[in-house]
There are 2 protein chains.
Amino acid sequence: MRPDQRRVPEGVIERLPTYLNALVELRQDGVSTVASSRLGAMTGVNPAQLRRDLGYFGYLGRRGVGYDVPGLVDTIQRILGSDHTHRLALIGAGNLGSAIARYRGLRNHGFIVTAVFEDDLRKVGQRMGDLIIKHVDELERVVADQRIRIGVVAVPPEAAQSVTDRLVRAGIGVILNYAPVMVRVPDDVVLHNSDPVRELLHTLYYLSELEGVASS
Amino acid sequence: MRPDQRRVPEGVIERLPTYLNALVELRQDGVSTVASSRLGAMTGVNPAQLRRDLGYFGYLGRRGVGYDVPGLVDTIQRILGSDHTHRLALIGAGNLGSAIARYRGLRNHGFIVTAVFEDDLRKVGQRMGDLIIKHVDELERVVADQRIRIGVVAVPPEAAQSVTDRLVRAGIGVILNYAPVMVRVPDDVVLHNSDPVRELLHTLYYLSELEGVASS
DNA sequence: TAGATTGTTAATCGATTAACAATC
DNA sequence: TAGATTGTTAATCGATTAACAATC
C-alpha cells in the first residue's frame with residue numbers, strides 16, 4: 001500500500017478547507033512560498049501536523065524552501081473537488097434560503113445555485129436573483145436535467161425529512177441540511193446536518209466553565 | 001483528583017447536545033428509562049463510550065436498569081447551562097438575521113434574542129418580531145444593560161471583525177459568527193465560526209471519493 | 001557552503017472499545 | 001434468584017507532536 005493510497009483520517013479532510021482559506025489569502029498578497037511554520041501559525045495547526053497532512057496526498061514541498069502557494073492552492077482544490085464548479089439545488093425560498101442564495105463565499109469556491117424550489121405557491125414563479133423560483137414538485141425532473149449533485153435544505157423542520165427523501169430519490173450525492181432537525185439518508189449519500197443550536201449548546205458549556213459556575 | 005474534576009475531553013462536550021436531542025425525544029414519547037445500548041443506537045455512539053461520557057459528570061445510571069430519562073435530560077441541561085434561559089444579541093437584520101431570529105430551535109433550548117442591531121439606517125426603528133431594530137452604535141450600552149453574554153454575528157463579511165471587536169469590548173462571553181470570514185477574538189472569549197463553505201468543501205471530498213473520481 | 005525547512009521516524013498522548021465483575 | 005445493564009479496567013487504536021537526518 002503506497003502512502004498516497006492510505007485512508008486519509010477525517011481530521012485531515014476537515015483541516016484542508018482551513019489551509020485553503022489561508023493559502024488563498026497568501027496568494028492574494030502575492031506570497032509565492034510558505035513554510036509549514038507560517039501556515040501553521042495562520043491556521044492554528046502544529047507545523048509537523050501540517051506537513052504530515054499534506055504528505056497524505058503526496059504533495060511535496062521543497063526542503064529548505066517551503067511550499068509553493070499557487071501550487072498548493074490548486075492541489076487542495078483538486079483534492080476537495082472545488083477545482084471545477086458545482087451546481088446546487090436550494091430548497092426553501094424563505095429568509096434562510098435567500099441568505100444562502102446571496103452568500104458570496106459560495107460562488108468564490110465554485111458553488112452556483114442553479115435551481116430554487118418552494119412549496120408556497122405565492123412564491124413560486126417569483127424571482128430570486130437570476131433564478132425563477134420553481135415548485136418543489138419539479139425537483140426530481142430539474143435535478144436530473146441539470147445533473148445537480150448537491151442539495152441544500154432550508155425549509156421548516158416539518159418538511160425537512162420529506163424534502164430530503166425527494167432529493168435522495170432524485171439521485172443527489174450530498175445534502176446540506178439547515179433545518180433544525182436531524183434528517184436521515186441512506187449510506188451512499190453524504191449528509192451534513194448544520195444545527196446552530198447544537199453549536200450554541202456546545203459553546204455554552206465553555207461559557208459556564210469560563211465563568212466558574214459551581215456545579216453543586 | 002476526583003473523576004468528576006478531571007478535564008472533560010472536547011469530544012464528550014460535542015456529543016452532549018446529541019444525547020440531549022435523543023433524550024428529549026424519548027421523554028416526549030413517555031419513555032422513562034433508557035439503556036446505553038438504546039441511546040447509543042439512536043445517536044450513533046458506542047454504548048461503552050456513552051457510559052464513559054456520562055461518567056465524566058458523575059452521572060449515575062442504575063445497573064440492570066439503565067438511565068432515568070427525565071433525570072438525564074435535566075443533568076445534561078445543567079452541564080451545558082441550558083437549564084436556564086440565555087439572552088442573545090443578534091447583529092445584522094438582513095435575511096440571515098431574520099432567519100436566525102425566527103429559528104424555533106433556539107427558543108426550545110432557552111435561547112431568546114432580546115436585541116437586534118443594524119447599521120443600515122433604513123432598517124433601524126423597524127420591527128423584527130417583537131423587537132425594534134436598534135442602531136449598532138447602541139450595542140455596548142444595550143449589551144451591558146441587558147447583561148447579554150452571547151452575540152450572534154450575521155453581517156456582511158467586511159463588517160464582521162469590527163462588529164466582533166465591539167462585542168468583545170462590550171464584555172460578551174460567547175460569539176457565534178455566521179459571516180463568511182474568520183474573525184479573531186481574545187482567548188477569554190468563546191468563538192464559533194460557522195462557515196457553510198467549509199462544510200460544503202468538506203463534504204465535497206467524500207462526494208468525489210464516492211464517485212471514484214480518478215486523481216490523476 | 002551554511003541556513004532553512006522538509007519528510008518521516010519514534011515517542012507521546014488521548015480517545016475509543018471490549019470485556020467483565022459489581023450490582024440493581 | 002436470574003437476567004440485565006452498569007461502571008470501570010485493560011487493550012486497542014489512531015492522531016498529534018518532537019526530533020532529526022535528508023536535502024534544497
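In what follows, chains carry the letters A, B, and so on, assigned in the order in which the sequence lines appear, proteins first and then strands, with residues in each chain numbered from 1. As a basis for the values below, the full set of heavy atoms in this structure was taken, side chains included, without hydrogen atoms, waters or symmetry mates.
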Q: Measure the shortest side-chain to side-chain distance between B:Asp68 and B:Leu72 over non-hydrogen atoms and say whether it is less than 4.5 angstrom.
A: no
Q: Could you tell me which non-hydrogen atom of A:Ala93 sits nearest to which non-hydrogen atom of A:Ser98, and how far apart they are?
A: O-OG, 4.0 Å
Q) Quick one: salt bridge (charged side-chain N to carboxylate O under 4.0 Å, His left out) partners of B:Arg104, sequence neighbours excluded? A) A:Glu158
Q. What nucleic acid atoms does A:Arg38 come within less than 4.0 Å of, heavy atoms only: base, sugar-phosphate, or nothing?
A. nothing
Q: Could you check how far CG of B:Asp53 sits from C1' of C:dA15, rounded to whole Å?
A: 10 Å
Q: Verify, without hydrogens or angle tests, whether B:Asn46 (side chain) and B:Ala48 (backbone) share a donor-acceptor contact under 3.5 angstrom.
A: yes
(Q) Measuring only between side-chain heavy atoms, which start at C-beta, is A:Phe57 closer than 4.5 Å to A:Val12? (A) yes
(Q) Given 3.5 Å as the limit, does a donor-acceptor pair link the side chain of B:Arg102 with the main chain of A:Asn95, or not? (A) no
**Q.** Distance in angstrom units between A:Gln49 CD and D:dA15 P, rounded
**A.** 10 Å
Q | Stems involving DNA chain D, each a run of at least 3 consecutive Watson-Crick or G-U pairs under 3.5 Å | A | C:3-24 with D:3-24
Q.
Could you go through B:Gln161 and B:Asp165, starting from their C-alpha distance and side-chain angles, then the distance that decides it, and tell me whether this counts as side-chain hydrogen bond (donor to acceptor under 3.5 Å, both in side chains)?
A. CA-CA 6 Å; B:Gln161 184 64 57; B:Asp165 293 343; 2.9 Å; yes
Q.
Rounding to an integer number of Å, can you tell me how far B:Leu50 CG sits from C:dT16 P?
A. 12 Å
Q: Using a 4.0 Å heavy-atom cut-off, write out nucleotides 6-11 of chain C from 5' to 3' as B (base contacted by protein), S (sugar-phosphate only) or - (no contact).
A: BBBBB-
Q: Find out whether A:Val168 and A:Pro186 are in side-chain contact, i.e. whether some heavy atom of one side chain is under 4.5 Å from a heavy atom of the other.
A: yes
Q. Whole Å only: how far is the CG atom of B:Asp68 from the C1' atom of D:dT5?
A. 15 Å
